[in-house]
Colleague: 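Provided herewith is a single structure, encoded as structure tokens, for subsequent inquiry.
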Amino acid sequence: MLIKFKKASDVPSSEITSPSVYLNRRHFLQSAAIVGAGAAFGSIAGPAFAAPGNPGENLGNVNKTKWTQDSLGEKLTEYGPVTTYNNFYEFGTGKTDPADNAKNFKPRPWSLAVDGAVEKPGVYNLEDFLNPHQLEERVYRFRCVEAWSMVIPWVGIPLADVVKRFGATGNAKYVAFETLNDAERMPGQHRSVLEWPYREGLRIDEAMNPLSLLVVGLYGKVLPNQNGAPLRLMVPWKYGFKSIKSIVKMTFQEKEPPTSWNMSSSREYGFYSNVNPEVSHPRWSQAKERRIGDFLKRPTKMFNGYEEEVGQLYAGMDLKKNY
Ligand code: MTE
């Protein structure tokens, strides 16, 4: 499938919002001093980019893609439930806990460690690889394994672009992701409901699929803390738990990486976790879902409705075994 991505040079200057919208300059300078790999980014992303600002601030420069509300033809879930009905166990296991307990979390400065089978390993400031001119808005269905769903206008950059810039090598068959592991900043980590840090992973062809998005915002605004600020994954054909929040590390590797929910209960949660109405969770059916805001349930679609885009990734695989 061919998608036209807008390059920075394609964006007229009238579309470029003042850098102050993006950049908390003091934080940027602090983080540049802390993180040594700053010099390396010149070869990766050109000049330092101003990264998105504080949670809730408006994001400029957002290009619409083919994944718009019109193309999806489904109503957006309101901003309220999107930001108050969350799963983020680092801030508590109740649905409203993340919004309540992540209020004081500071997602800046932020760095991402990149290692393993990659040409440009290092520790990067968020600003080093996030070109605001590449920001896209994509309206995706989001289906939680708990059988509720939402439709959310995410803002982010294609994961494939980032993987290409880091230069994943031929040995990179998988990419593993990790969330921040710091119980002082994420108080839910004082409880061992999961083994910390939260871990997730994708096969490299899944990561390179044009649908996979590294998210920095939603509803045209900087990502709220409870939704995984400042950087999270969005893989819309998989159950929500694959979409790891507050990412601090990406490791490119040959072996399938361990993942948090699979480690916690391998019988219930597999590595693939593709949305599949035909494969029940051992404790409940996945055939239907309740869209948040709706009264009646609706049938769940294979690959969450993205079969045309991703079905070929799993050709020949037994999806009952590879759940
Ligand atoms: N990432 C981390 N680090 N910790 C979590 O507890 N929960 C996952 C996923 N990413 C989770 C996480 C689950 S179960 C879901 S359904 C989605 O985040 C919820 O995303 P949302 O709160 O933005 O809707």
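In listed order, ligands and their atoms are each counted from 1. Numbering starts at 1 and runs along the sequence shown.
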Colleague: Would Asn87 and Cys144 count as a side chain to side chain contact (heavy atoms under 4.5 Å, CB included) here? Give the steps.
Modeller: CA-CA 9 Å; Asn87 278 335; Cys144 182; 3.8 Å; yes

Colleague: Consider side chain to side chain contact (heavy atoms under 4.5 Å, CB included). Of Asn227, Leu76, Val151, which one does Val82 pass it with?
Modeller: Asn227

Colleague: Considering only residues two or more places apart or on different chains, which pairs with a residue in residues 244-254 satisfy salt bridge (charged side-chain N to carboxylate O under 4.0 Å, His left out)?
Modeller: Asp115-Lys249

Colleague: Applying ring-ring contact (aromatic ring centres under 6.0 Å, His included) to Phe91 and Phe105, what does each step give before you reach the verdict?
Modeller: CA-CA 10 Å; Phe91 292 102; Phe105 180 72; 5.6 Å; yes

Colleague: May I have a table of the N/O to N/O pairs between ligand 1 and the protein that fall below 3.5 Å, each row giving the two atom names and the distance to 0.1 Å?
Modeller:
residue: ligand 1; atom: 1 (N); partner: Lys245; partner atom: N; Å: 3.1
residue: ligand 1; atom: 3 (N); partner: Glu90; partner atom: OE2; Å: 2.9
residue: ligand 1; atom: 3 (N); partner: Thr179; partner atom: OG1; Å: 2.9
residue: ligand 1; atom: 4 (N); partner: Glu90; partner atom: OE1; Å: 2.8
residue: ligand 1; atom: 6 (O); partner: Tyr89; partner atom: N; Å: 2.8
residue: ligand 1; atom: 7 (N); partner: Asn87; partner atom: O; Å: 3.2
residue: ligand 1; atom: 10 (N); partner: Ser243; partner atom: O; Å: 2.9
residue: ligand 1; atom: 20 (O); partner: Arg232; partner atom: NH2; Å: 3.2
residue: ligand 1; atom: 20 (O); partner: Lys245; partner atom: NZ; Å: 3.4
residue: ligand 1; atom: 22 (O); partner: Asn86; partner atom: ND2; Å: 2.8
residue: ligand 1; atom: 22 (O); partner: Asn87; partner atom: N; Å: 3.3
residue: ligand 1; atom: 22 (O); partner: Lys245; partner atom: NZ; Å: 2.7
residue: ligand 1; atom: 23 (O); partner: Asn227; partner atom: ND2; Å: 3.0
residue: ligand 1; atom: 23 (O); partner: Arg232; partner atom: NH1; Å: 2.6

Colleague: For the pair Glu289 and Arg298, evaluate salt bridge (Lys or Arg N to Asp or Glu O under 4.0 Å) and give the outcome as yes or no after the intermediate values.
Modeller: CA-CA 6 Å; Glu289 67 199 56; Arg298 65 178 68 207; 5.1 Å; no

Colleague: ring-ring contact (aromatic ring centres under 6.0 Å, His included) for Phe166 and Tyr124? Distances and angles first, verdict last.
Modeller: CA-CA 10 Å; Phe166 291 143; Tyr124 297 93; 5.0 Å; yes

